[in-house]
Amino acid sequence: MSDTTRFRTTTRHMLKESKTYASQTLMGGLSGFESPIGLDRRDRIAALKSGDIGFVHSWDINTSVDGPGTRMTVFMSGCPLRCQYCQNPDTWKMRDGKPVYLDAMIKKVDRYKDLFKATKGGITFSGGESMMQPAFVSRVFHAAKEMGVHTCLDTSGFLNTNYTDEMLEDIDLCLLDVKSGSEDIYQKVTGGTLQPTIDFGQRLAKAGKKIWVRFVLVPGLTDSEENVENVAKICETFGDAIEHIDVLGFHQLGRPKWHELRIPYPLENQKGPNAAIRERVTKQFESHGFVVY
């Protein structure tokens with residue numbers, strides 16, 4: 001990258017041309033990351049489409065939560081689903097995120113690449129729904145792979161068609177949220193449809209990618225024996241791509257955000273699963289030959 005930050009699809013005179021922009025790095029919670037100033041709506045849309053900017057909610061460094069090793073997890077803004085148990089409703093609207101430059105994100109990955117390699121970690125894109133911004137995410141992943149950094153996509157797969165087969169090449173691991181095994185429960189939980197998740201999992205398997213399935217266990221909503229069996233049968237269609245299934249017990253940690261945003265919370269009085277339910281669901285998945293965490 002030259003001393004001047006340039007973009008293919010933005011109006012050049014509307015960008016601040018200096019080393020400052022070329023050297024931007026994400027700081028904790030995105031503080032210190034200057035937004036693209038002067039871009040009108042048309043130019044922002046063009047830059048978003050090309051992946052020159054991405055709308056980011058926040059990021060953090062964690063260990064063995066969003067993939068193997070020590071990871072930089074980037075939470076993208078925007079999500080087409082409205083899951084009843086969503087922990088981050090503040091990521092639903094893309095406009096509520098902060099636009100950041102592609103170069104700045106890549107520089108942040110480069111800064112941590114030695115740590116990632118030492119811990120067998122890498123970068124994870126989460127959300128919201130990271131597949132709402134496929135150009136930005138895939139370009140960062142491509143740059144990460146050129147550095148030898150492990151890449152992980154955390155997604156519901158609902159926007160399956162947003163990702164081309166070429167984009168899949170730069171994904172090492174996918175944390176795939178299989179939110180339900182039946183169409184009616186999936187629609188009730190998310191407001192969306194189940195088939196795109198199945199299609200994306202099968203595409204990943206065909207491409208030789210690894211999958212960690214995530215299933216949120218909500219008593220009275222997703223925990224029926226029939227629904228769990230259907231989830232297991234869906235996972236079987238992914239074959240050897242699945243390394244394990246994470247059974248995630250419902251909790252109320254996201255409730256304060258719903259209250260703060262004044263969004264009616266559908267699971268206001270919902271309890272998490274007890275030990276007996278967790279054990280039964282674990283055994284159901286294990287009976288299909290899956291490793292369960």
Student: About how many Å separate CD1 of I263 and CH2 of W92, when rounded to the nearest 0.5 Å?
Tutor: 4.5 Å
Student: Is there a donor-acceptor pair under 3.5 Å between the side chain of K117 and the backbone N or O of M147?
Tutor: yes
Student: Can you measure from CD (E169) to OG (S138) and round to the nearest 0.5 angstrom?
Tutor: 11.0 Å
Student: Within a reach of under 6.0 Å around CD of E260, are more than 12 heavy atoms found that belong to other residues, nucleotides or ligands?
Tutor: no
Student: Just so I know, are the side chains of I123 and F141 near enough to count as touching, which here means a heavy-atom distance under 4.5 Å?
Tutor: yes
Student: How about P219 and K271: do any of their side-chain heavy atoms sit closer than 4.5 Å?
Tutor: no
Student: I'd like to check M167 versus H142 (side-chain heavy atoms, cut-off strictly below 4.5 Å). Are they in contact?
Tutor: no
Student: Under a 4.0 Å N-O cut-off, is there an ion pair linking R214 with D66?
Tutor: yes
Student: Between atom CG of L217 and atom CD1 of I277, what is the distance when rounded to the nearest 0.5 Å?
Tutor: 6.5 Å
Student: Can you tell if the side chain of T282 reaches within under 4.5 Å of the side chain of E286, non-hydrogen atoms only?
Tutor: yes
Student: Could you check whether any side-chain heavy atom of H150 comes within less than 4.5 Å of a side-chain heavy atom of L173, counting everything from C-beta outward?
Tutor: yes
Student: Could you go through residues 192-201 and list every donor-acceptor pair under 3.5 Å that involves a side-chain atom there, pairing it with any protein atom two or more places apart or in another chain?
Tutor:
unit_1	atom_1	unit_2	atom_2	d
Q195	NE2	D199	OD1	2.8
T197	OG1	S156	O	2.7

Student: Can you tell if the side chain of W212 reaches within under 4.5 Å of the side chain of C174, non-hydrogen atoms only?
Tutor: no
Student: When you look at S182 and N230, which way does the side-chain hydrogen bond (donor to acceptor under 3.5 Å, both in side chains) test go after all the steps?
Tutor: CA-CA 7 Å; S182 61; N230 287 338; 4.9 Å; no
Student: Is the closest basic N to carboxylate O distance between K233 and E229 below 4.0 Å?
Tutor: no
Student: Does a salt bridge link K107 with D110, judged by any charged N lying under 4.0 Å from a carboxylate O?
Tutor: no
Student: Testing the basics here: between G181 and V231, what is the closest heavy-atom pair and its distance to 0.1 Å?
Tutor: N-CG2, 3.3 Å
Student: Calculate, to the nearest 0.5 Å, the distance between atoms CE and CZ belonging to M131 and F125 respectively.
Tutor: 13.5 Å
Student: Consider side chain to side chain donor-acceptor pair (under 3.5 Å). Of Q252, Q84, R255, K257, which one does Y265 pass it with?
Tutor: Q252
Student: For a quick check under 3.5 Å, do D170 and T151 share a side-chain donor-acceptor pair by atom type?
Tutor: no
Student: At what distance, to the nearest 0.5 angstrom, does CZ of F158 lie from CG of D177?
Tutor: 13.5 Å
Student: In this structure, would L102 and I171 fall into the same cluster of hydrophobic residues linked by side-chain contacts under 4.5 Å?
Tutor: yes
Student: Would you sort out whether H57 and N88 count as a side-chain hydrogen bond (donor to acceptor under 3.5 Å, both in side chains), showing the intermediate values?
Tutor: CA-CA 10 Å; H57 173 269; N88 299 304; over 6 Å; no
Student: Could you report the tightest heavy-atom contact between G122 and V149, atom names first, then the distance?
Tutor: CA-CG1, 3.7 Å
Student: Keeping to residues at least two apart or across chains, list the ring pair (Phe, Tyr, Trp, His ring centres under 6.0 Å) pairs with something in residues 268-293.
Tutor: F215-F285, H244-Y293
Student: With the side chain counted from C-beta on, respond yes when V137 and L153 share a heavy-atom pair under 4.5 Å apart, and no when they do not.
Tutor: yes
Student: Does one hydrophobic cluster hold both V140 and Y163, with members joined at side-chain heavy-atom distances below 4.5 Å?
Tutor: yes
